[in-house]
Amino acid sequence: MSPFASFAARHIDAGQLHDGLKRGNIALVDVRESEEHQAERIEGAVNLPLSRFDPKALPTIQGQAIVLHCAGGVRSAKALNICHQSGVEVRGHLTGGINAWKAAGLPTVR
């Protein structure tokens with residue numbers, strides 16, 4: 001069994017993420033490296049790179065669920081697993097990462 005199998009219900013697509021960000025009930029965390037985040041990002045995303053990821057450093061904003069993202073979904077799934085093992089509640093991660101976001105025609109900041 002895949003270590004990420006228990007997270008199947010936590011996959012969030014680009015449209016769901018966009019809606020949640022518009023409503024203000026999602027805190028988005030980018031787990032890509034700083035250089036990647038600086039080059040292009042989803043507006044409002046906080047950068048906590050997987051290479052030094054600490055679930056205790058995740059933002060806590062009243063009324064906002066945490067969603068993780070990376071470039072394609074692999075690193076954010078790993079970060080989600082780290083959160084789960086640490087007992088830190090995270091809503092899920094963006095399926096397909098920022099690549100899926102852009103493929104859906106959604107805007108990024110460069």
Side-chain angles (χ1 to χ4, degrees):
M1 179 196 270
S2 164
F4 306 120
S6 63
F7 300 116
R10 294 186 179 202
H11 292 275
I12 296 168
D13 68 33
Q16 292 168 317
L17 176 59
H18 184 255
D19 290 345
L21 289 170
K22 280 178 34 179
R23 286 192 308 269
N25 60 9
I26 288 179
L28 184 60
V29 176
D30 182 351
V31 299
R32 297 175 302 149
E33 293 305 310
S34 298
E35 306 80 39
E36 294 172 278
H37 178 80
Q38 290 171 6
E40 184 175 27
R41 64 193 167 281
I42 298 171
E43 186 172 357
V46 174
N47 187 224
L48 295 175
L50 184 61
S51 62
R52 54 186 186 275
F53 186 77
D54 179 0
K56 294 176 187 141
L58 289 168
T60 54
I61 302 168
Q62 184 70 19
Q64 289 188 336
I66 296 170
V67 174
L68 308 171
H69 93 83
C70 62
V74 174
R75 288 177 282 181
S76 58
K78 288 179 183 179
L80 184 62
N81 192 40
I82 292 168
C83 291
H84 176 72
Q85 291 175 350
S86 299
V88 175
E89 181 62 34
V90 173
R91 173 71 185 263
H93 78 111
L94 175 59
T95 303
I98 196 170
N99 293 334
W101 178 269
K102 293 188 303 185
L106 296 167
T108 59
V109 175
R110 290 182 177 259

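Residue indices begin at 1 and follow the sequence shown.
When all heavy atoms of I82 and P55 are compared, the closest pair comes out as CG2-CG, 3.6 Å. For S34 against P49, the heavy-atom pair with the smallest separation is OG-CG, 3.8 Å. The nearest pair of heavy atoms linking V29 to P59 is CG2-CD, 3.8 Å. For I61 against A27, the heavy-atom pair with the smallest separation is CD1-CB, 4.5 Å.
Under the ring pair (Phe, Tyr, Trp, His ring centres under 6.0 Å) criterion, no residue pair touches residues 19-74, with sequence neighbours excluded. Residue pairs meeting the salt bridge (charged side-chain N to carboxylate O under 4.0 Å, His left out) criterion with at least one partner in residues 37-46, sequence neighbours excluded, are E40-K102, E40-R110. Residue pairs meeting the salt bridge (charged side-chain N to carboxylate O under 4.0 Å, His left out) criterion with at least one member in residues 13-23: none, sequence neighbours excluded. The side-chain hydrogen bond (donor to acceptor under 3.5 Å, both in side chains) pairs that include a residue from residues 53-67 number zero, where partners must be two or more places apart or lie in different chains. Evaluation of the salt bridge (charged side-chain N to carboxylate O under 4.0 Å, His left out) test over residues 63-77, restricted to residues two or more places apart or in two chains, returns E36-R75.
Atom-to-atom distance recorded for L58:CG and C83:SG is 5.0 Å, nearest 0.5 angstrom. The distance from the CD1 atom of I98 to the OG atom of S76 is 11.5 Å, given to the nearest 0.5 Å. Atom CG of L68 is separated from atom CG of D30 by 9.5 Å, given to the nearest 0.5 angstrom. A distance of 10.5 Å separates CD of Q85 from CG of L80, quoted to the nearest 0.5 Å. Here CG of L17 is found 5.5 Å from CG of L94. Values are rounded to the nearest 0.5 Å.
Side-chain contact check for I42 versus L21: some heavy-atom pair is nearer than 4.5 Å. Side-chain contact between I26 and R91 is absent, with no heavy-atom pair separated by less than 4.5 Å.
With sequence neighbours excluded, no residue satisfies salt bridge (charged side-chain N to carboxylate O under 4.0 Å, His left out) with E33.
A distance-only check finds a donor-acceptor pair linking the side chain of N47 to the backbone of R32 [under 3.5 Å].
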